[in-house]
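These figures come from a predicted structure and were not determined experimentally.
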Amino acid sequence: MATLNAPAHFSTSPCTYSTIPRYLSPNCTTKTNRSQRVRCALSPSNWRESRRRLVSFSLALSQLLFLPNTDNATAGSLWDKYVKKKKLDPLEVYIPPVILTQLQIKDLEKTLDVDKPEYANCRSLLRSGPAASLRVNIRAVAQYASDAGNGKTASDDVDQCLRALEDLDSLFLRASRNEGKTSIKTMKAKIDTALNALDSLLQTVPADVLTKGKAVADAYRSADDDTEAQVSDPEIKQLESIL
């Protein structure tokens with residue numbers, strides 16, 4: 001019988017998948033080999049870090065999915081949690097700035113009636129004066145409405161108003177850059193939507209508070225800069241300091 005004499009070769013390096021010939025490993029694609037390759041790709045430290053991130057993400061997701069579903073639309077919102085942690089000022093403080101913002105938006109609409117509106121200035125008007133704090137003010141009013149049982153209506157009004165103003169600002173930006181087709185009619189439609197939403201939100205305010213807020217806003221609008229010393233009403237002075 002013929003024998004084959006050949007020197008044996010030994011390697012001190014660990015055996016890897018690439019060093020085994022395929023004809024010696026017919027089951028090279030089995031589940032065992034695949035799992036071994038996966039385990040080799042992840043070091044113990046990386047595997048623990050991945051598992052820690054997965055657990056953190058699962059906990060955060062479960063908190064979002066299992067929030068109580070109530071009729072009050074603002075109860076589960078992040079803003080509602082923030083407002084509850086932050087002590088609100090009396091409702092009377094927020095009403096005059098909201099009314100003044102309404103008047104400011106109406107003045108903005110008038111600037112669109114000229115031949116060539118200055119859209120960049122229109123954008124600035126949305127960010128100046130009482131309008132600059134509109135988001136905070138109407139959300140505070142909505143929180144008071146929620147406490148009185150009108151949370152769903154107030155929350156919808158806030159969302160509708162802010163969405164319309166954001167769309168309006170986008171239209172102003174595109175018009176100032178001559179990008180795409182924009183029309184004055186579309187801009188005025190967004191303004192009407194925002195004003196109607198603010199009117200609806202103010203309907204949730206108690207009548208006496210609303211009447212008082214309108215009086216303060218009217219007094220502030222009618223007051224001239226040179227008559228500041230004649231203004232003695234402390235509420236008007238407080239409103240001036242806020243604005």
Side-chain angles (χ1 to χ4, degrees), residues 72-74 76-80 82-83 86 88-89 91 93-146 150-205 209-210 213-214 216-223 239-240 242-243:
N72 186 350
T74 58
S77 66
L78 296 176
W79 173 257
D80 178 56
Y82 169 76
V83 169
K86 179 182 181 298
L88 292 176
D89 291 322
L91 179 60
V93 174
Y94 301 103
I95 303 306
V98 173
I99 297 175
L100 288 172
T101 302
Q102 277 187 307
L103 299 174
Q104 184 176 346
I105 295 175
K106 291 179 180 179
D107 292 340
L108 173 62
E109 185 176 13
K110 296 177 183 178
T111 65
L112 299 177
D113 294 333
V114 299
D115 293 336
K116 293 183 179 180
E118 298 182 0
Y119 297 111
N121 292 339
C122 293
R123 296 191 71 207
S124 298
L125 287 176
L126 289 177
R127 293 167 170 78
S128 61
S133 58
L134 177 64
R135 186 181 298 269
V136 174
N137 292 329
I138 60 178
R139 282 177 169 168
V141 175
Q143 180 59 45
Y144 274 101
S146 175
N150 297 320
K152 180 64 169 63
T153 300
S155 178
D156 291 343
D157 293 335
V158 169
D159 292 341
Q160 190 175 22
C161 176
L162 295 179
R163 190 180 304 112
L165 292 179
E166 289 173 358
D167 293 343
L168 179 62
D169 181 70
S170 178
L171 290 173
F172 287 155
L173 178 61
R174 290 166 53 193
S176 65
R177 296 177 176 178
N178 294 322
E179 296 178 353
K181 294 182 179 180
T182 57
S183 65
I184 301 296
K185 183 179 180 180
T186 304
M187 295 175 183
K188 289 188 174 183
K190 296 298 181 181
I191 291 177
D192 291 340
T193 300
L195 292 175
N196 291 335
L198 290 177
D199 282 335
S200 178
L201 177 63
L202 290 175
Q203 295 302 315
T204 66
V205 178
V209 177
L210 183 59
K214 288 181 178 179
V216 174
D218 291 341
Y220 182 85
R221 289 270 292 189
S222 61
L239 178 59
E240 290 177 343
I242 294 174
L243 298 178

Are [X] and [Y] within salt-bridge range, i.e. N to O under 4.0 Å?
X: E166; Y: R135; answer: yes
X: R174; Y: D169; answer: no
X: D159; Y: R163; answer: no

Flag the pair [X] / [Y] as yes when at least one side-chain heavy-atom distance between them is below 4.5 Å, and no otherwise.
X: L112; Y: K185; answer: no
X: C161; Y: L201; answer: no
X: Y94; Y: L88; answer: yes
X: T111; Y: E118; answer: no
X: L91; Y: V205; answer: yes

Test your reading of the model: is there a side-chain donor-acceptor pair from [X] to the backbone of [Y], 3.5 Å cut-off?
X: T101; Y: P130; answer: yes
X: Q104; Y: L125; answer: yes
X: S222; Y: D218; answer: yes
X: S155; Y: K152; answer: no
X: S133; Y: V136; answer: no
X: R123; Y: Y119; answer: no
X: T186; Y: T182; answer: no
X: Y220; Y: P97; answer: no

How about Q203 and N150: does a side-chain donor come under 3.5 Å of a side-chain acceptor?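 No donor-acceptor contact under 3.5 Å links the two side chains.
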
Requested in this report: May I have the step-by-step check of side chain to side chain contact (heavy atoms under 4.5 Å, CB included) for D157 and L198, ending in yes or no?
Outcome: CA-CA 7 Å; D157 293 335; L198 290 177; over 6 Å; no

Legend entry - Minimum heavy-atom distance A154-A145, with the two atoms named: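 Smallest interatomic distance, heavy atoms only, reads CB-CB, 3.6 Å.
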
Item to complete: Please name the pair of heavy atoms, one in F172 and one in L108, separated by the smallest distance, quoted to 0.1 Å.
Response: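 So the two residues come closest at CE1-CD2, 4.1 Å.
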
Atom pair [atom1]/[atom2] of [X] and [Y] - distance to nearest 0.5 Å:
X: R127; Y: L134; atom1: CZ; atom2: CG; answer: 12.5 Å
X: I99; Y: N137; atom1: CD1; atom2: CG; answer: 11.0 Å
X: I191; Y: L171; atom1: CD1; atom2: CG; answer: 10.0 Å
X: L165; Y: T193; atom1: CG; atom2: OG1; answer: 9.5 Å
X: K106; Y: D192; atom1: NZ; atom2: CG; answer: 10.0 Å
X: L210; Y: L202; atom1: CG; atom2: CG; answer: 6.0 Å

Task: Full working for side chain to side chain contact (heavy atoms under 4.5 Å, CB included) between V216 and I95 - done: CA-CA 9 Å; V216 174; I95 303 306; over 6 Å; no

Would you say that more than 12 heavy atoms from the other residues, nucleotides or ligands in this model lie under 6.0 Å from the CD of E109, or not?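 Yes - once you tally the heavy atoms of other residues, nucleotides and ligands closer than 6.0 Å, there are more than 12.
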
Looking at K214, I'd like to know if its NZ atom is crowded, meaning that more than 12 non-hydrogen atoms belonging to other residues, nucleotides or ligands lie closer than 6.0 Å.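 Open.
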
